[in-house]
Amino acid sequence: MVDFEKMDEELLKRITTGACLSITGTLAESLGKGQKVEVLVEELEILGDSEADVSKGEVYPLQPKAHSLEFLREIAHLRFRTNTFGAVFRIRHAMTYAMHKFFHDRGFYNIHTPIITASDAEGAGEMFRVTTLDPKNPPLTEDGEVDFREDFFGRQTNLTVSGQLEAELAALALGKVYTFGPTFRAENSNTARHLAEFWMIEPEVAFADLNDNMDLAEANLKYLVQYALDHCADDLAFLNQRALDEEKNKKKEERSEMSLLERLHFVVEHPFERITYTEAIEILEKSKPNKEKKFQYPIQGWGTDLQSEHERYLVEKHFKKPVILTDYPKDIKAFYMRLNDDGKTVRAMDILFPGIGEIVGGSQREERIDYLRKRMQEMHISEQELYWYLDTRKFGTAPHSGYGLGFERLLLFVTGMTNVRDVIPFPRTPKSADF
RNA sequence: UCCUCGGUAGCUCAGCUGGUUAGAGCACCUGACUGUUAAUCAGGGGGUCGCUGGUUCAAGCCCAGCCCGGGGAGCCA
């Protein structure tokens, strides 16, 4: 509250949207509506003018009005200043802290797995090459190929697509470990759920089977959601209202059945549904949309991977809660997953969340070296390159399990935002690495 | 990468079946006002209509290619 007669008019004029002020005054009961208290300004200093050069047609991009998230993404260096992104990134911090607390309180050790890696055999996705060679004039071998022996590490290296294999090494010594770090995928994925650089949490537990793994993951997700409810109430209330306002512009059938806060409470209060892939196929085959041919991809019987529309049906229509799908056919899963006694399925689990899809992917690992070698051969994965991984099976192996949790996908659920690009400060996506 | 919708002022958008000097609200500037809380009153400046090429007497509007963004799909976390 400024007394216009006591303040320098020129000074007041300089206060534009975005300016940084230092104010000294008296806190008093407010006469205005919509607020209880206000500061009666005695001293006012402008620490930082928000100086757009009007003669050049410049403007401070943030205006006192609602901006589209797409526009704010283009000015990611300034979007921290909006109340929406303030709330989102405070929650991101809280979730980071809560993640470490969850694992620490349960006796897990945090392992820093390498970001630059020489292995490219994991099959988790396309990798980014790391090199210091001159792209215009690389050293060549006699065969005319690029000679990576001349490269910085003396071999081809990439950015990691997963810390899992290294985490397994640690788990088979320390017992319970987890990683929490950046992960890179050079896939040309253009969706609201994928980033080229994202953060992943990968716990790995010795002597744990798939059931232990599911229990851990479910507890993990519920703990984080509960932590947000307990510690980020103001920001969640704001985001809840924001989402409700957004929904007003949508058609009735496109609106969600529950508000953000209702969804968070619901997840904490209800057990996740656990079913096998085989049971899921049966449900889908008998489902209404399948019989009425409403699915774009009709259920082709046992063996094929589920499409997004099938996962959404199970989670959003059939069970109406998070679903853990287990025991997938081995042919659609990674080489390190433990083979079941039926010889055709593996001890895999995916956790599917409403509106997000796969938020967790994990498995009980194949600890039996013969089975593991056989799978690697079938999938053309070099034993020489992964000798260090096989060594853990060779020398005193143990049953163990783990999973990967996509941090940004979790944040989508907790914040109610709908695009992963809006829950990471500086998103990296195909054709976009600004700031 | 595929399908689909879109790209008009700093932002959000309008622009009818192609037809004179391309509009609104907000923002910005000037002045007035001042118990104001995102939108007080009056006036003003501001647009190579994504880019390139084509059709036409005439293109913001039609056609082609490209670039960028949204939504959906695939890949996955």
Side-chain angles (χ1 to χ4, degrees), chain A residues 1-5 7 9 12-13 15-18 28-41 50-75 78 82-83 122-126 161-164 179 181-202 217 249-250 254 295-297 305-312 332-334 350-353 356-362 403-413 418-424 429-432 434:
Chain A
M1 171 58 205
V2 166
D3 186 338
F4 287 92
E5 291 182 3
M7 288 315 231
E9 201 183 324
L12 292 179
K13 269 190 182 171
I15 302 172
T16 53
T17 312
E29 198 174 332
S30 178
L31 302 175
K33 288 173 191 165
Q35 64 184 16
K36 283 185 180 155
V37 293
E38 63 191 18
V39 173
L40 303 175
V41 178
S50 183
E51 295 177 290
D53 189 339
V54 177
S55 64
K56 288 180 187 162
E58 279 181 8
V59 224
Y60 180 59
L62 290 170
Q63 297 165 22
K65 68 170 206 172
H67 287 290
S68 68
L69 295 173
E70 291 80 22
F71 171 66
L72 291 172
R73 226 171 273 154
E74 291 170 14
I75 51 165
L78 296 174
T82 65
N83 42 21
E122 296 165 47
E126 288 295 311
V161 292
S162 163
Q164 180 200 315
T179 72
T183 310
F184 308 88
R185 306 264 168 99
E187 300 285 346
N188 191 8
S189 296
N190 295 287
T191 81
R193 300 178 305 283
H194 290 86
L195 292 164
E197 175 181 302
F198 64 101
W199 289 67
M200 188 155 64
I201 296 90
E202 296 178 287
N249 301 323
K250 286 188 185 169
E254 287 172 9
F295 282 142
Q296 198 188 333
Y297 299 90
D305 210 349
L306 299 179
Q307 305 290 324
S308 292
E309 57 178 345
H310 306 142
E311 296 180 349
R312 265 210 315 276
I332 57 174
K333 287 292 177 184
D350 283 0
I351 302 186
L352 311 176
F353 258 43
I356 293 162
E358 187 178 342
I359 195 167
V360 163
Y403 58 87
L405 164 59
F407 191 50
E408 283 76 20
R409 290 193 182 169
L410 172 72
L411 287 171
L412 284 188
F413 185 74
T418 53
N419 193 316
V420 278
R421 296 166 194 199
D422 296 328
V423 296
I424 188 167
T429 53
K431 299 275 161 9
S432 171
D434 292 331

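Letters go in sequence order (proteins before strands), and every chain restarts at 1.
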Name of the residue among A:L78, A:L62, A:D422 meeting side-chain contact (heavy atoms from CB on, under 4.5 Å) with A:L72: A:L62
Residue closer to the 5' end of RNA chain B, A:V360 versus A:P61 (nearest nucleotide):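 In this pair, the answer is A:P61.
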What's the [atom1]-[atom2] distance between [X] and [N], to the nearest Å?
X      : N     : atom1 : atom2 : value
A:L62  : B:C11 : CG    : C1'   : 10 Å
A:K431 : B:G69 : NZ    : P     : 9 Å
A:I356 : B:A73 : CD1   : P     : 14 Å
A:E70  : B:U12 : CD    : P     : 8 Å
A:L40  : B:U36 : CG    : C1'   : 13 Å
A:Y403 : B:C76 : OH    : C1'   : 18 Å
A:E309 : B:C75 : CD    : P     : 12 Å
A:R421 : B:G70 : CZ    : P     : 5 Å

What nucleotide, of [options], holds the atom closest to the side chain of [X]?
X      : options             : answer
A:R312 : B:G69, B:C76, B:G72 : B:G72
A:N419 : B:C68, B:G74, B:G71 : B:G71
A:T191 : B:G70, B:G72, B:G74 : B:G74
A:Y297 : B:A77, B:A73, B:G69 : B:A73
A:E38  : B:G35, B:G70, B:C11 : B:G35
A:H194 : B:C75, B:G69, B:A77 : B:C75
A:H67  : B:C11, B:A77, B:G69 : B:C11
A:N190 : B:C76, B:G71, B:A73 : B:A73

Whether A:F407 stacks on the six-membered ring of B:A77 base, 5.5 Å and 30° limits: no
Structure string for RNA chain B in dot-bracket form, Watson-Crick and G-U at under 3.5 Å, | interchain: (((((((..((((.....[...)))).(((((.......))))).....(((((..]....))))))))))))....
Classify [X] by what it touches in the nucleic acid, base, sugar-phosphate, or nothing, heavy-atom distance under 4.0 Å.
X      : answer
A:F353 : nothing
A:S189 : base
A:V420 : nothing
A:L195 : base
A:F71  : sugar-phosphate
A:S68  : sugar-phosphate

Distance below 4.0 Å between [X] side-chain N/O and [N] OP1 or OP2:
X      : N     : result
A:R193 : B:C75 : no
A:R409 : B:C76 : no
A:S308 : B:G74 : yes
A:Q307 : B:G74 : yes

Between [M] and [N] - [atom1] atom distance, rounded Å:
N     : M     : atom1 : value
B:A14 : B:G6  : P     : 10 Å
B:G46 : B:G35 : P     : 35 Å
B:U52 : B:C16 : C1'   : 29 Å
B:G70 : B:U12 : P     : 13 Å
B:A22 : B:A9  : C1'   : 11 Å
B:C51 : B:C26 : C1'   : 29 Å
B:C75 : B:C63 : P     : 34 Å
B:A42 : B:C61 : P     : 35 Å

Verdict with supporting geometry, A:E187 and A:H194, side chain to side chain contact (heavy atoms under 4.5 Å, CB included): CA-CA 9 Å; A:E187 300 285 346; A:H194 290 86; over 6 Å; no
A:D350 CG to A:L306 CG distance, which is reported to the nearest 0.5 Å: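 So the CG of A:D350 and the CG of A:L306 are separated by 9.0 Å.
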Interatomic spacing from CZ in A:R421 to CG in A:L69 - rounded to 0.5 Å: 12.5 Å
Partner residues of A:Y297 under the ring-ring contact (aromatic ring centres under 6.0 Å, His included) criterion, sequence neighbours left out: none
ring-ring contact (aromatic ring centres under 6.0 Å, His included) partners for A:F407, two or more places apart: A:F180
Pairing residues for A:R193 by the side chain to side chain contact (heavy atoms under 4.5 Å, CB included) criterion, not counting sequence neighbours: A:T191, A:R409
Listed partners of A:V41 passing side chain to side chain contact (heavy atoms under 4.5 Å, CB included), at least two apart: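 Counting only residues at least two positions away or on another chain, A:V41 forms a side chain to side chain contact (heavy atoms under 4.5 Å, CB included) with A:V2, A:M7, A:I23, A:L44.
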Flag side-chain contact, heavy atom, 4.5 Å: A:V423 against A:L412: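 Contact flag for A:V423/A:L412 side chains = yes.
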Non-neighbouring partners of A:E408 that pass salt bridge (charged side-chain N to carboxylate O under 4.0 Å, His left out), sequence neighbours left out: A:R92
